[in-house]
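Encoded as structure tokens, the structure appears first; notes follow it.
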Amino acid sequence: MAFSKGFRIYHKLDPPPFSLIVETRHKEECLMFESGAVAVLSSAEKEAIKGTYAKVLDAYGLLGVLRLNLGDTMLHYLVLVTGCMSVGKIQESEVFRVTSTEFISLRVDASDEDRISEVRKVLNSGNFYFAWSASGVSLDLSLNAHRSMQEHTTDNRFFWNQSLHLHLKHYGVNCDDWLLRLMCGGVEIRTIYAAHKQAKACLISRLSCERAGTRFNVRGTNDDGHVANFVETEQVIYLDDCVSSFIQIRGSVPLFWEQPGLQVGSHRVRMSRGFEANAPAFDRHFRTLKDLYGKQIVVNLLGSKEGEHMLSKAFQSHLKASEHASDIHMVSFDYHQMVKGGKAEKLHSILKPQVQKFLDYGFFYFDGSEVQRCQSGTVRTNCLDCLDRTNSVQAFLGLEMLAKQLEALGLAEKPQLVTRFQEVFRSMWSVNGDSISKIYAGTGALEGKAKAGKLKDGARSVTRTIQNNFFDSSKQEAIDVLLLGNTLNSDLADKARALLTTGSLRASSKVLKNMCENFYKYSKPKKIRVCVGTWNVNGGKQFRSIAFKNQTLTDWLLDAPKLAGIQEFQDKRSKPTDIFAIGFEEMVELNAGNIVNASTTNQKLWAVELQKTISRDNKYVLLASEQLVGVCLFVFIRPQHAPFIRDVAVDTVKTGMGGATGNKGAVAIRMLFHTTSLCFVCSHFAAGQSQVK
């Protein structure tokens, strides 16, 4: 039976309440949506009421219900697939790419079109796939071959419309009967004839939705250790009932970093947290990878350009300092240096010997009745944005492993058949690079191949820059709405996110409300000591000045309460300060040159000096610092608090010349410490009473 529009939607406008029913070809029952609830009706119940309903449209499948809150009201939209394209068949299932979707409001008056059209744009972008089978039990695209053999597994990292399933789940509807599961990424399927059998060669790339987003908005890791652009790519061959699959992973460098500002082809990188403050998330990331994939080998393709070099060095030193130093090996391979003009010899001569060990991790092989081999580890590849360089190295490793996979399947006897497989996989890898690049950066992958390619690359780099500066934030917001519903922007969500985990935001708002109101039942208060100080240093590095040789910073930052004889601060030794927030004004001379382009040398010198000073009795590490021309703020913490600090954010506001220049203004750093939100603001305003606005 071919796949067709098997769902029909009807609605009833009056008498109120507004109501929708969905019937499907392969079921007697139907779904009814009314007054915010969902019910499954038997065929008798359906026949009794169907007369009052009118047909709206036909669809290929349901994705679920998108929930949006507009002020205090909840809007619900039924999301349908109205256009799709077959990509190929795998065993009993056929895989489709979503090409168009329709959103139907579950209330009479549909409003908030903008937000919906953004989400629709994301879903229609051609990066979403689902599988369908006439037997009713279809392949779960979010699972790789090995996981799909295990009973009752789900891999929510690659299940993109999970939050759209929730509304039906709350009402006890079995979602597997009614809704599709979406995967985001790329699926390529080719048929290759091997004598009288047909083999299916597939390359499936799954983009994780734990930290999804577009290239410049989302970088590095978050506090849970989820990194940007995390993709699992599976090179898999099906032959009758046998399956052979080989997995590789890619993901951003698991540290807190960002690429500020508008730039074409520049690679300025900024580490957004102090060195030690990165460690907890870094460890969480690698611990998770080991649990999911086994042994890890890291292939780091960052180059020697200024920002990349700094990031690469930080990655190496974090790995050395972490608990994983002994069992995770890092191979640093400067791709741009080694593979000039797309010549791949060095991949064979230099990279291959270093990753030879991974080739022994093997691959997964199921011979139709039992699992013969398992893959015991993966290669984790990264470059700056994990697009172009990463893809070509993964393609190289994939083709190295291909020969062994063919051997296991008994397809390696005829040389021309092996060549055929290699050609097919090579072309699929290059398409794969493009599809991942489109999702993450909005352009095809950049390759430094021949001259004609070069011009196209230049144009693509410019489009990338324009795209990430103008279109990315609305796309980012749409992705968030799709993944979590936009309950995100409410106060309730902020409280819930602080008290519970991000995953818990998928609960209904009633549950969240109760959890937040009863927080005192499962949390306990704890006293901390915060030291806040600010000083106008008049344009210089005063800690070296002769005039102040008798005064030290310690009098101000460490001993002031003691010297002032304040009673409750005499126990300094037993209760050291937990957090230092230290602000400065006029850190650089406020002349025209500095206002346009302030130097950060003073900031770095002060950071070192302050850390030395306050670590006299107890060790402190820099959490974050931010500078706006002359205003600068540093936050230091005791190292043992680092694992409990999340969601650190910084911002600056200029108030000089009516908001145009930063000679006056403020800097803020906020964070969540355990479940309490703290924000420090350091400001420097114009003198007098006239400029208060």
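As the structure is a computational prediction, the values presented were derived from the model and not from experiment. When reading the values below, keep in mind they use all heavy atoms of this one structure, side chains included, and skip hydrogens, waters and symmetry mates.
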Polar side-chain atom of N222 near backbone of H226 as donor-acceptor pair, under 3.5 Å
yes
For residues 274-285, the salt bridge (charged side-chain N to carboxylate O under 4.0 Å, His left out) pairs (sequence neighbours left out) are E276-K619
Residue set satisfying ring pair (Phe, Tyr, Trp, His ring centres under 6.0 Å) with H167, at least two apart, ordered chain then number -> H76, Y171
H684 and E585: side chain donor to acceptor below 3.5 Å
no
**Prompt:** Would a 4.5 Å heavy-atom cut-off, applied to side chains only, mark I582 and W535 as touching?
**Reply:** no
Problem set entry | P576 side chain near R638 side chain, heavy-atom distance below 4.5 Å | yes
side-chain hydrogen bond (donor to acceptor under 3.5 Å, both in side chains) filter on R206, not counting sequence neighbours, yields E232, E234
Closest non-hydrogen atoms of A624 and S272, given as atom of the first, atom of the second and distance, are CB-O, 4.0 Å
- T381 (side chain) donor-acceptor with R250 (main chain) under 3.5 angstrom: no
*Does any N or O in the side chain of S163 come within less than 3.5 Å of the main-chain N or O of L482, such that one atom is a donor and the other an acceptor?*
yes
Output for pair (L164 CG, R67 CZ), nearest 0.5 Å, gives 9.0 Å
When rounded to the nearest 0.5 Å, the distance separating CG of L384 from OG1 of T390 is 9.5 Å
Rounded to the nearest 0.5 angstrom, the CD1-CG distance for I579 and L623 is 8.5 Å
* **Check: D155 main-chain N/O paired with R147 side-chain donor or acceptor under 3.5 Å** => no
Donor-acceptor contacts under 3.5 Å from residues 667-681 side chains, at least two apart:
from	atom 1	to	atom 2	distance (Å)
R670	NH1	D647	O	3.0
R670	NH2	S677	OG	3.3

Would you please test N300 and S312 for side chain to side chain contact (heavy atoms under 4.5 Å, CB included) and show each step?
CA-CA 8 Å; N300 170 22; S312 178; 3.0 Å; yes
query = Step by step, would you call L610 with L557 a side chain to side chain contact (heavy atoms under 4.5 Å, CB included)?
reply = CA-CA 9 Å; L610 288 170; L557 293 172; 3.8 Å; yes
inquiry  = Any non-hydrogen side-chain atom of R380 less than 4.5 Å from a side-chain atom of F286?
reply    = yes
**Asked** So, do W606 and F634 have ring centers that fall under 6.0 Å from each other?
**Response** no
To the nearest 0.5 Å, atom NZ of K575 lies from atom CD1 of I528 at 13.5 Å
Y522 meets the side chain to side chain contact (heavy atoms under 4.5 Å, CB included) criterion, sequence neighbours left out, with L499, L500, M515, F519
Exercise. Run the side chain to side chain contact (heavy atoms under 4.5 Å, CB included) check on R616 and D559 step by step: do they pass?
Worked result: CA-CA 11 Å; R616 181 186 68 186; D559 304 330; 2.8 Å; yes
So the salt bridge (charged side-chain N to carboxylate O under 4.0 Å, His left out) pairs with at least one residue in residues 626-636 (sequence neighbours excluded) are R270-E626
Looking only at heavy atoms, the pair that brings S252 and W257 closest together is OG-CZ2, 3.3 Å
Residues F159 and N161: closest non-hydrogen pair is CE1-OD1, 3.1 Å
field: Any side-chain heavy-atom pair of V530 and D578 under 4.5 Å
entry: no
Is the shortest heavy-atom distance from the side chain of L553 to the side chain of I614 under 4.5 Å? no
The side-chain hydrogen bond (donor to acceptor under 3.5 Å, both in side chains) partners of S523 (sequence neighbours excluded) come to none
When every non-hydrogen atom of C209 is compared with those of N156, the smallest separation belongs to SG-O, 3.7 Å
Rounding to 0.5 Å, atoms OG1 (T378) and CD1 (I249) come to a distance of 3.5 Å
_Quick one, W160 with L207, criterion side chain to side chain contact (heavy atoms under 4.5 Å, CB included). Give me CA distance, side-chain angles, the key distance, then yes/no._
CA-CA 9 Å; W160 275 69; L207 178 69; 3.9 Å; yes
CZ (F580) and CD1 (I637) are apart, to the nearest 0.5 Å, by 12.5 Å
Between S332 and M330, the two heavy atoms sitting closest are OG-SD, 3.8 Å
Report yes if some heavy atom in the side chain of N382 is under 4.5 Å from a heavy atom in the side chain of V298; otherwise report no.
yes
The side chain to side chain contact (heavy atoms under 4.5 Å, CB included) partners of A314 (sequence neighbours excluded) come to L255, M271
**Q.** Flag, side chain of S317 to backbone of K313, donor-acceptor distance under 3.5 Å
**A.** yes
With sequence neighbours left out, the residues meeting side-chain hydrogen bond (donor to acceptor under 3.5 Å, both in side chains) with S625 are Q603
query: Is any side-chain heavy atom of T577 closer than 4.5 Å to a side-chain heavy atom of F636?
result: no
Salt bridge (Lys or Arg N to Asp or Glu O under 4.0 Å) filter on D327, not counting sequence neighbours, yields K290
Contacts satisfying ring pair (Phe, Tyr, Trp, His ring centres under 6.0 Å) that involve residues 291-321 (not counting sequence neighbours) are F275-H318, F282-H318
Sorted by chain and number, sequence neighbours left out, side-chain hydrogen bond (donor to acceptor under 3.5 Å, both in side chains) with T652 holds for none
Tightest non-hydrogen contact, residues C682 and C632, listed as SG-O, 4.0 Å
Worksheet entry | pair T554-W556: side-chain heavy atoms closer than 4.5 Å | no
Subject >> Side-chain (N278) to main-chain (F256) donor-acceptor, under 3.5 angstrom >> reply: yes
